[in-house]
Amino acid sequence: MGGRCRHYEDCSGDWQDQRTAYRWRDRYVERGIEGLRRDASRPGRKKPLDATTIERVVHISLHEKPPAGTHWSARKLARAVSLSHTSVQRIWAAHGLKPHLTKTFKLSNDRQFTEKVQDIVGLYLDPPDKALVLCIDEKSQIQALDRTQPGLPM
């Protein structure tokens, strides 16, 4: 409490300090000494994105191309869906999407891709009790190579 009073006396030049001092003065006028004992409440954390918004971002990333572009950037997609670019980046990271890497990113034609990814990621993040989650690749490396680069001799 004494530190705040000294701070109020010392803020003669700095605009930020003056603004803080005026805010404390106003709280004292409104609530008396009790207004100075505790900081005022601040706004909480933003609400997390809902599942439909996340699904929409994943769907657009996988199945649509941006106007006048070859792939989505986080900022372009953020403008298209009215989110921040960091939200788009977090969604991409959570789903393992990297549309900016053209050599390793393949678009899936499966209409249920989003649901399948959510189911699989859900198994890894929250496996059922007494369960063992294994990942087995159905295709050998040769088949995968043939699928991604059919022109190479085998």
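All values reported here derive from a predicted model rather than from experimental measurement. No hydrogens, no waters, no symmetry mates; every other heavy atom, side chains included, goes into these values.
Considering CD1 of Ile54 and OG1 of Thr114, their distance stands at 11.0 Å, rounded to 0.5 Å. We find the CZ-OG distance between Arg75 and Ser84 to be 10.0 Å, quoted to the nearest 0.5 Å. Between the NE2 atom of His59 and the CZ atom of Phe113 there is a distance of 12.5 Å, given to the nearest 0.5 Å. Within the model, atoms CD1 of Ile33 and CZ of Arg27 stand 11.5 Å from one another, a figure rounded to the nearest 0.5 Å. Atom CD1 of Ile120 and atom CG of Leu123 lie 7.5 Å apart (nearest 0.5 Å).
Under the rule for a side-chain contact (heavy atoms from CB on, under 4.5 Å), the partners of Val121 that lie at least two apart in sequence or sit in another chain are Val117, Leu125. Lys76 is linked by a salt bridge (charged side-chain N to carboxylate O under 4.0 Å, His left out) to nothing, counting only residues two or more places apart in sequence or in another chain. When the side chain to side chain donor-acceptor pair (under 3.5 Å) test is applied to Ser82, no partner is found at least two apart in sequence or on another chain. Shown here are the ring pair (Phe, Tyr, Trp, His ring centres under 6.0 Å) partners of His85, two or more places apart in sequence or in another chain: there are none.
Note on Val29: it does not cluster hydrophobically with Trp24, by side-chain heavy-atom contacts below 4.5 Å among ILVMFWY residues.
Pairs of residues two or more places apart, or lying in two chains, never qualify as side-chain hydrogen bond (donor to acceptor under 3.5 Å, both in side chains) while including a residue from residues 117-126.
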Could you pull out every donor-acceptor pair under 3.5 Å between side chains of residues 89-97 and any protein atom, sequence neighbours left out?
from  : atom 1 : to    : atom 2 : distance (Å)
Arg90 : NH2    : Ser87 : OG     : 3.3
Trp92 : NE1    : Ser61 : OG     : 2.7
His95 : ND1    : Ile91 : O      : 3.0

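Using a distance-only test at 3.5 Å, with no hydrogens or angles considered, no donor-acceptor pair links the side chain of Trp72 to the main chain of Pro99.
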### Task
Please test Asp50 against Thr53 for side chain to side chain contact (heavy atoms under 4.5 Å, CB included), starting from the C-alpha separation and ending with a verdict.
CA-CA 6 Å; Asp50 57 295; Thr53 303; 2.8 Å; yes
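Between Leu49 and Leu83, the closest heavy-atom pair is CD2-CD2, 3.7 Å.
Within a 6.0 Å radius of CD in Glu30, more than 12 heavy atoms belonging to other residues, nucleotides or ligands are found.
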